[in-house]
Amino acid sequence: MIVDQAVREAELAFLNAPFTGEGWQLAIRNLAESTGSFLVQMCGGSPAPAQDFNIFSHDLGDPYGHLINPDLYGPQNWRLNSALQAPGSIQYEQHYATYRGARKCEYYDDASSDLDLRFGCQSPLLFDNAGLIGLCLLRSGRDGPCTSEVLDAFSSVARQAQRAVRVQLALGQEQGETMLEGVASSGEMTLLLDGQGRLVAMTEAAEILFDHPAGLRLDGLSVRLSDRAEDRSLQAAAGRLLASDGVWGPVLHEAVAGRCAAAPQGQWRLFLTRLPEGTDLLQVGPQLALTLRPAAGTARLA
């Protein structure tokens, strides 16, 4: 029986993952333990091969190299292709059987048998033109097929994992790096704010935002958008994020900012992120992260 507390801890582990070193590794390990699954995999692919990743909850000891064999991520992979046919849903053994029944999958079947990973479920956390990020339970013969209880637990955790992926992408972080260390060298314009919207820290690249006419301004130590109407929307979003419990409430606000006659669609893509409870990245208690990026079609800042 899956204990509610174990599921809750797995959800929190994913929501914290973007903000801690080894956060994603710890989250998938927690998910494996809470669902009684032999292995959990999180993988992603995009048109740019350098952005591909493939991580597991623990070292399986794969003597054949099946788990990293690119040939096994093709048309015979009934796990991956079941997900691609039904993005946004949970796929499990009955979906795998349907896919296998319509095409030959002996190569992938043999690999799954070699590894004793015949059962499980998965969900695409992100699936668009930019690529795919998926989360998967890999269950052994001893674990058995997914029960309704396992599927419910996985579905609940996967929803929080999807939110964490969106936060990770919004922050522009490299996997496994702490927040400002991860974005400082990438040129991300990110600021950390406290619960009153006051500036705590920022990347070097963010300094230029205060010199841009459609960027940011300081009201005392409080960070504001230059446009008053856009700023009212930002402050309202900050209030909603701060009132959230970080699990069932909102954790990310996305908007467009910097609208003007020359750029009626806005000059910035804005991301405001609620940091997890207890995260004290610089020992000064930041609660929000604000990132601005030039919108598509606008000139990059010098």
Side-chain angles (χ1 to χ4, degrees), residues 12 15-16 18-19 159-160 162-173 178-180 182-184 186-298 300-301:
L12 291 174
L15 288 172
N16 282 309
F19 305 99
R159 284 195 295 271
Q160 305 302 347
Q162 184 181 53
R163 300 172 80 199
V165 165
R166 292 180 63 229
V167 168
Q168 179 86 67
L169 295 175
L171 293 175
Q173 290 177 267
T178 57
M179 184 174 165
L180 288 183
V183 300
S186 69
E188 286 284 357
M189 294 178 284
T190 296
L191 305 92
L192 299 185
L193 312 177
D194 68 11
Q196 284 70 49
R198 293 176 300 213
L199 181 63
V200 171
M202 63 180 170
T203 60
E204 184 176 351
E207 296 178 8
I208 196 171
L209 291 168
F210 294 99
D211 298 323
H212 195 283
L216 300 174
R217 61 184 176 86
L218 281 176
D219 181 6
L221 290 177
S222 297
V223 175
R224 308 289 190 190
L225 284 172
S226 296
D227 182 272
R228 305 286 176 171
E230 292 176 348
D231 183 65
R232 285 194 294 272
S233 176
L234 175 66
Q235 301 310 318
R240 292 192 296 272
L241 293 178
L242 290 168
S244 165
D245 65 358
V247 178
W248 302 112
V251 294
L252 175 66
H253 170 73
E254 302 179 38
V256 175
R259 294 180 180 88
C260 61
Q265 302 303 315
Q267 299 182 58
W268 307 102
R269 292 174 59 217
L270 179 150
F271 304 90
L272 185 67
T273 305
R274 183 191 189 282
L275 303 178
E277 289 291 341
T279 297
D280 195 9
L281 300 175
L282 301 177
Q283 286 72 54
V284 287
Q287 297 188 44
L288 298 170
L290 175 64
T291 297
L292 269 70
R293 297 180 184 140
T298 59
R300 290 190 62 84
L301 297 177

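Because the structure is predicted, anything quoted here is derived from the model rather than measured.
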Inset, instruction - May I have the step-by-step check of side-chain contact (heavy atoms from CB on, under 4.5 Å) for Leu272 and Leu252, ending in yes or no? - result: CA-CA 6 Å; Leu272 185 67; Leu252 175 66; over 6 Å; no
Quick one: are [X] and [Y] in side-chain contact, heavy atoms under 4.5 Å?
X      : Y      : answer
Arg259 : Gln267 : no
Arg274 : Gln287 : no
Leu288 : Leu290 : no
Leu209 : Trp268 : yes
Leu192 : Met202 : no
Phe210 : Leu191 : yes
Arg198 : Ser222 : yes

Legend entry - Pairing residues for Arg269 by the side-chain hydrogen bond (donor to acceptor under 3.5 Å, both in side chains) criterion, not counting sequence neighbours: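 For Arg269, no residue satisfies side-chain hydrogen bond (donor to acceptor under 3.5 Å, both in side chains) once neighbours in sequence are set aside.
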Legend entry - All side-chain hydrogen bond (donor to acceptor under 3.5 Å, both in side chains) counterparts of Arg232, not counting sequence neighbours: none
Nearest 0.5 Å please: distance from the [atom1] atom of [X] over to the [atom2] atom of [Y].
X      : Y      : atom1 : atom2 : result
Asp194 : Leu275 : CG    : CG    : 11.0 Å
Leu270 : His253 : CG    : NE2   : 6.0 Å
Met189 : Glu207 : CE    : CD    : 12.0 Å

Do you know which two heavy atoms are closest between [X] and [Y], and how far apart they sit?
X      : Y      : answer
Gly195 : Leu242 : O-CD1, 3.2 Å
Glu188 : Thr203 : O-OG1, 2.7 Å
Ala164 : Pro18  : O-CG, 3.5 Å

Legend entry - Backbone N/O of Val167 and side chain of Thr273: donor-acceptor pair under 3.5 Å: no
Legend entry - Donor-acceptor side-chain pairing of Gln235 and Arg224 below 3.5 angstrom: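 Their side chains do contain a donor-acceptor pair, which is all the 3.5 Å distance test asks for.
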Legend entry - Residues Thr291 and Thr190: side-chain donor-acceptor under 3.5 angstrom: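 Side-chain D/A pair, Thr291 to Thr190: present.
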Inset, instruction - Using side-chain contact (heavy atoms from CB on, under 4.5 Å) as the criterion, list what pairs up with Gln265, not counting sequence neighbours. - result: none
Legend entry - Listed partners of Asp227 passing side-chain contact (heavy atoms from CB on, under 4.5 Å), at least two apart: Ala229, Glu230
Inset, instruction - Start with the C-alpha distance between Val223 and Leu218, add both sets of side-chain angles, then the distance that settles side-chain contact (heavy atoms from CB on, under 4.5 Å), and finish with yes or no. - result: CA-CA 5 Å; Val223 175; Leu218 281 176; 3.9 Å; yes
Inset, instruction - Quick one: list whatever passes salt bridge (charged side-chain N to carboxylate O under 4.0 Å, His left out) with Glu254, sequence neighbours left out. - result: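 For Glu254, the residues satisfying salt bridge (charged side-chain N to carboxylate O under 4.0 Å, His left out) (neighbours in sequence not counted) are Arg166.
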